[in-house]
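Since we're looking at a predicted model, the values are computed, not measured. For the numbers below, each heavy atom of this structure counts, side chains included, while hydrogens, waters and symmetry mates do not. Order of the sequence lines sets the chain letters (A, B, ...), proteins ahead of strands, with each chain counted from 1.
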Amino acid sequence: MFTLLVRRADESIDLTVIRRGSDGCLASAESRTLEQDELGEAVRQGERDATRWVWDDTARWYPRLLSAGVFVERCVDLRLVHAILRASAFTRGSAIHASPRGPYDTPQAPAVDGSALFVVEPESLPDALGEFLAQRDAIEASPERARLELLATAESTGALIAAEMRHAGIPWSASRHDELLTAALGPRPPAGERPLRLLEALAEIRAALGSPDLNPDSPTDLIRALRAAGLQVSSTRQWELKSLEHPVIEPLLRYKKMQRLLVANGWTWLDAWVRDGRFRPEYVPAAAATGRWGTSGGGALQLPKAVRGAVVADPGHALVVADASQLEPRILTALSGDTAMARAGSGDLYEGIVATGAVATRSEAKVAMLGAMYGATQGDGGRLMPRLTRAFPRAIALVEDAARVGEAGGVVSTLLGRTSPPPGAGSEELPPEMGRPDVDRGMRAWGRFTRNFVVQGTAAEWALCWMGILRRSLAERYGRGPDAPHLVFFLHDEVVVHSPEAVAAEVAGLVESAAAEAGRLLFGAAPVRFPVTVATVQAYSEAK
DNA sequence: CAAGAGGGCGCG
DNA sequence: AAAGCGCGCCCTCTTG
């Protein structure tokens with residue numbers, strides 16, 4: 001059932017098969033030692049027996065296996081599961097619950113380039129067998145065992161997917177990217193110089209402000225120059241500048257937009273991050289406390305719409321781009337069992353809310369829903385909340401309860417048992433005396449965090465299940481070959497599959513049915529739909 | 001010279 | 001339009 005892999009200091013590998021004994025407890029059944037170059041074949045062999053591999057950190061093991069052409073179907077990522085179980089309200093009473101920080105409470109190992117020669121893999125984290133058995137104890141003794149099992153599996157499968165997506169890479173056309181940049185900024189300038197369009201905007205800004213040496217990248221200098229020109233600004237943010245009437249505003253906003261594109265996703269970015277037609281960001285599962293993933297390198301979480309035209313399928317291939325429509329409100333609907341909101345979500349959720357008469361327009365419905373999930377207190381979001389509460393009392397009560405728990409210093413949990421950190425666990429201690437305005441403000445902010453945690457965190461669980469199911473159905477139907485359709489990008493509620501054109505339509509269907517199956521897996525027969533918008537395109541920019 | 005804070009902005 | 005959540009990464013400016 002489980003096979004533990006442990007790397008020793010001399011780079012040899014202990015492989016330990018773990019079985020359930022006659023007493024029902026798990027224990028190591030047999031053990032052998034491998035040399036580094038025997039690992040691939042051993043894993044290949046184990047895959048034929050549906051092994052679930054247990055290792056300390058997927059990022060330390062899987063990239064090199066992938067480079068050797070070895071796929072892994074199932075694993076347990078001890079580090080990721082440890083973090084869940086240690087914090088989870090569902091494991092109270094277990095040895096792991098609230099245990100002191102230890103070696104498994106470390107960040108994911110930085111991903112090594114699997115193809116690199118002479119990589120010395122570090123020794124595994126200590127006592128992996130003991131850690132694994134403690135995790136099994138915590139899960140099996142939990143009153144919410146089924147949910148924790150699902151979460152642990154989904155989280156570990158996510159780690160496999162993260163490594164596989166980095167291995168595959170996002171198909172990226174450097175020439176198309178260069179064309180986009182040239183159209184927006186002017187031709188690529190020599191190193192250290194600004195592109196033409198940026199120089200033009202800069203000259204206009206300096207002329208309009210009568211400040212020939214101004215550096216608009218310095219907020220301090222810019223704000224001083226704007227004030228000298230008679231503009232009463234408190235910041236240099238776009239939204240504040242937009243409301244002003246002055247000749248400098250148009251070129252300044254134009255400059256800011258171009259400068260952002262240049263420094264964040266310009267030619268330097270292209271040189272640094274795109275190799276052989278692929279962009280390979282490092283994905284970091286559970287980088288956020290809510291379980292959402294982060295990325296490291298290249299800003300893959302923030303790929304601007306402006307460069308998505310450079311994400312182009314290989315010849316004979318297509319990109320199947322899918323995003324879950326209105327995911328977080330639908331998650332809230334299912335979590336709370338709010339039947340009125342479920343009815344409103346039979347089609348477009350926001351239109352459905354308008355149809356109940358709670359608000360007048362679709363955009364009001366959207367602002368009100370976001371306000372409810374984020375804890376808006378002012379503006380349109382805050383103003384519309386009471387109407388939403390009247391129309392959907394159960395859904396709103398769920399987030400209000402989560403907020404009150406957070407404000408009182410408590411913890412909240414997602415559907416599957418990921419639990420919020422206690423306040424102050426991260427960086428600074430909260431000041432001791434209650435009643436101080438800054439303390440109250442801090443606790444209200446923490447309440448907004450826990451309010452959002454249950455929704456965002458459960459949505460992240462749904463997304464993990466969606467991807468895991470999709471990965472399995474793709475592998476079952478098309479195998480793992482180099483030309484089989486495969487995931488290349490994931491962004492909270494959106495996936496991209498790179499697929500041969502001939503099967504792209506079929507892949508789109510699998511993406512949709514995986515979403516429906518994820519909904520059933522988490523919420524059973526609850527009458528909540530999880531529709532996805534799927535587009536089969538040549539370039540990412542053509543979707544949506 | 002490096003690290004960190006703060007402003008700003010891209011994404012969901 | 002921000003506001004109210006979650007990120008990563010750029011720039012400038014201050015501090016050690």
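- From the 5' end on, the contacts that DNA chain B makes with chain A at under 4.0 Å to a non-hydrogen atom open and close at B:dG8 to B:dG12.
- Taking a cutoff of 4.0 Å between a charged side-chain nitrogen and a carboxylate oxygen, A:R308 and A:E542 do not qualify as a salt bridge.
- Within 4.0 Å of A:R308, counting heavy atoms only, lie sugar-phosphate atoms of the nucleic acid but no base atom.
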| Candidate pair A:D348 and A:Q326, rule side chain to side chain donor-acceptor pair (under 3.5 Å), full reasoning | CA-CA 8 Å; A:D348 178 277; A:Q326 303 147 351; 3.0 Å; yes
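- Using a 4.0 Å heavy-atom distance criterion, A:G371 is classed as a base contact.
- Between the CD atom of A:E328 and the P atom of C:dC5 there is a distance of 13 Å, given to the nearest Å.
- Rounded to an integer number of Å, the gap from A:L301 CG to C:dG6 C1' is 9 Å.
- Annotation: A:D276, atom CG; neighbour count of heavy atoms from other residues, nucleotides and ligands within 6.0 Å does not exceed 12.
- Residue-level contact check: A:G382 touches neither bases nor backbone, having no heavy atom under 4.0 Å from any strand.
- Nucleic acid contact for A:A264: none, since no nucleic acid atom lies under 4.0 Å from a heavy atom of the residue.
- A:S243 comes within contact range of no nucleotide atom at all, as no heavy-atom separation falls under 4.0 Å.
- Under the 3.5 Å distance criterion, with hydrogens and angles disregarded, a donor-acceptor pair is assigned to the side chains of A:E240 and A:S234.
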| message | Quick one, A:Y255 with A:R194, criterion side chain to side chain donor-acceptor pair (under 3.5 Å). Give me CA distance, side-chain angles, the key distance, then yes/no. | response | CA-CA 11 Å; A:Y255 174 90; A:R194 286 184 163 101; 3.3 Å; yes
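- No engagement by A:T290 is indicated, since no non-hydrogen atom pair under 4.0 Å with the nucleic acid exists.
- Taking atom CD of A:E400 as the reference point, atom P of C:dG4 lies 15 Å away to the nearest angstrom.
- A:S218 has a side-chain polar atom (N or O) that falls below the 4.0 Å cut-off from OP1 or OP2 of C:dC13.
- With distances taken from any side-chain atom of A:R260 to the nucleotides C:dT12, C:dG4, C:dC9, the minimum falls on C:dC9.
- The 5' end of DNA chain C is approached more closely, in terms of each residue's nearest nucleotide, by A:E240 than by the other of A:A287 and A:E240.
- When the nucleotides C:dG8, C:dG6, C:dT12 are ranked by their closest atom to the side chain of A:D217, C:dT12 comes out on top.
- The CD atom of A:Q456 sits 11.5 Å away from atom CD1 of A:I331, with the distance rounded to the nearest 0.5 Å.
- Atom CG of A:L398 and atom P of C:dC5 are 18 Å apart (whole Å).
- Each side-chain hydrogen bond (donor to acceptor under 3.5 Å, both in side chains) pair with one or both residues in residues 489-499 of chain A, not counting sequence neighbours, appears once here: A:E494-A:Y540.
- Rounded to an integer number of Å, the gap from A:L370 CG to C:dC5 C1' is 10 Å.
- For the pair A:R448 and C:dC5, the criterion of a side-chain N or O lying under 4.0 Å from OP1 or OP2 is met.
- Atom CG in A:D493 sits roughly 16 Å away from atom P in C:dC7 (whole-Å rounding).
- Distances shown here put a side-chain N or O of A:N215 below 4.0 Å from the OP1 or OP2 atom of C:dT12.
- Between the base of C:dA1 and the side chain of A:D380 there is a donor-acceptor pair shorter than 3.5 Å.
- Contact of A:Q456 with C:dG6 (side chain to base): no donor-acceptor pair of N or O atoms is detected under 3.5 Å.
- Across all strands shown, A:V455 has no heavy atoms under 4.0 Å from either base or sugar-phosphate atoms.
- Both distances falling under 3.5 Å, in either a Watson-Crick or a G-U wobble arrangement, occur for no nucleotide opposite C:dG4.
- Contact check, A:T220 against C:dT12: no side-chain N or O comes under 4.0 Å of OP1 or OP2.
- Proximity of the aromatic rings of A:W172 and A:W269 is defined here by a centroid distance below 6.0 angstrom, and this criterion is met.
- The CG-C1' distance, from A:D221 to C:dC13, rounds to 10 Å in whole Å.
- Remark on DNA chain C: of its neighbouring residues A:Y374 and A:K242, the 5'-side contact belongs to A:K242, judged by nearest-heavy-atom nucleotide.
- Rounded to whole Å, the distance from CG on A:L303 to P on C:dC9 is 11 Å.
- Looking at heavy atoms from C-beta onward, A:T295 lies out of side-chain contact with A:E282 at the 4.5 angstrom threshold.
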